2 protein chains.
Amino acid sequence: MNHTDATPDLDENDLDIIRELERNDEKNLEELADELDLSKSAIHYRLNQLKESGVIRNISADVDPRALGMSMVIITEVYVSHESGYADEIGDDLADLPGVQQVFYTMGDVDFMVVSRVQNHDQMNELIDEIVALEGVNETSSRFVMRELKNGNRILETMSEGMVDRVLETE
Amino acid sequence: MNHTDATPDLDENDLDIIRELERNDEKNLEELADELDLSKSAIHYRLNQLKESGVIRNISADVDPRALGMSMVIITEVYVSHESGYADEIGDDLADLPGVQQVFYTMGDVDFMVVSRVQNHDQMNELIDEIVALEGVNETSSRFVMRELKNGNRILETMSEGMVDRVLETE
DNA sequence: AATGAAATCGACCAGCA
DNA sequence: TGCTGGTCGATTTCATT
């Protein structure tokens, strides 16, 4: 019904591969094949398709932010003056500020939610100043994060059985 | 060797490697060596250290959430009844709910910020219900994300020159 | 989707600055 | 301690069925 998203038909095997590689891509084809009860070539074939179709966008290293001193996290609500049609531009400007990790454009009274990471108090203040200084930004409100209980970029792992079923049904 | 802020001394070459692999880990050692003007063995040597020291935590696949139908994003503020010492437990409970991607424990009037991803309206309502139903949760307030302008897990790429200098100085 | 052969790659080591 | 350069075994890749 809901075909706004062009979901390339994925079956259980595809999802198994995705689940495995979202967790760790350092296994070789043979290990994967053993665990998932598929042949090496089958894995190879499916993996190629998953990459080419854009389901797997990238293979990359996950770096510990603390190793780079980026241990402070702040979440900032950004309010924009509504008559200005600058929303998109402001979003891009926010995304380009140093330390900014995520920018969401939201419905409701707030306009943007920004998650950022800095090394110390001074950088935190500087970043907030830079946000306020952006043309069209009205007001901001920041929260300091004391603890990150979860910060995952694994999608499939967080999905319920029902959610997974919905993916398989569109086959 | 534990999770303090003990920054293993990193030099420019290490940061080059990290920057490259945060972007894409699918290059082979020789390509990397060419681009970074280091020998294959030097890359190999440093890469091992980066992994062993925990600077590089993982190599994994980045999956397009839309390919799994997880196209709706919500950001939820969760308020907890303060007399309960349940804070940690609630944080873990939140992290375990289906669709929940990030959980932050924050200072200030809000207690938790939760970023989650679902497939449709029904799942959105269900998730919010599940959050409210958690023991100790007082109140929630959710925002619907209309657009993700940036959603990166690349740390080094977002760092300013000044931030990078600070890492190099601790050598 | 499986096989097996050919090409390529990463792991490793002894020696060196 | 970090690097060189080369070898060897392992792994990916691909044509064929």
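Below, read A as the first sequence line, B as the second, and so on, with proteins coming before strands; counting in each chain starts at 1. All of these numbers come straight from a predicted model, not from anything done at the bench. FYI, side chains are in, hydrogens and waters are out, and symmetry mates aren't considered; it's all heavy atoms of this structure.
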In terms of side-chain heavy atoms, does Thr140(B) have a donor or acceptor partner in Glu77(B) at a distance below 3.5 Å?
-> no
Heavy atoms of Val103(A) and Phe112(A) approach each other most closely as CG1-CD2, 3.9 Å
Name all residues meeting the side-chain hydrogen bond (donor to acceptor under 3.5 Å, both in side chains) criterion together with Glu148(B); count only those two or more places apart in sequence or in a different chain, and write none if there are none.
-> Arg117(B), Asn151(B)
To the nearest Å, how far apart are Leu38(A) CG and dA1(C) C1'?
-> 10 Å
Rounded interatomic separation in angstrom, taking CG from Asn13(B) and P from dT1(D) = 18 Å
Which atom of Thr76(B) lies closest to which atom of Ser142(B), heavy atoms considered | OG1-OG, 3.0 Å
So, for Arg154(B) and Gln101(A), which heavy atoms are closest and what is the spacing to 0.1 Å?
-> O-OE1, 3.7 Å
In whole angstrom, give the distance that lies between atom CD1 of Ile43(A) and atom C1' of dC14(D).
-> 17 Å
Just how far, in rounded Å, is C1' of dT12(D) from NZ of Lys51(A)?
-> 11 Å
Using the side-chain contact (heavy atoms from CB on, under 4.5 Å) rule, take Ile90(B) and Val137(B) through it: C-alpha gap first, then chi angles, then the decisive distance, then the call.
-> CA-CA 8 Å; Ile90(B) 291 174; Val137(B) 168; 4.1 Å; yes
Interface polar pairs with nucleotides 7-11 of chain C, N/O, under 3.5 angstrom:
unit_1: dC9(C); atom_1: OP1; unit_2: Asn28(B); atom_2: ND2; d: 2.7
unit_1: dG10(C); atom_1: OP2; unit_2: Leu29(B); atom_2: N; d: 2.9
unit_1: dA11(C); atom_1: OP2; unit_2: His44(B); atom_2: NE2; d: 3.0

From CG of Asp34(A) across to P of dA2(C) the rounded distance in Å is 13 Å
For Tyr45(B) and dT4(D), give me the distance from atom OH to atom C1', rounded to whole Å.
-> 13 Å
Would you please confirm or rule out a distance under 4.0 Å between OP1 or OP2 of dG2(D) and any side-chain N or O of Gln49(B)?
-> yes
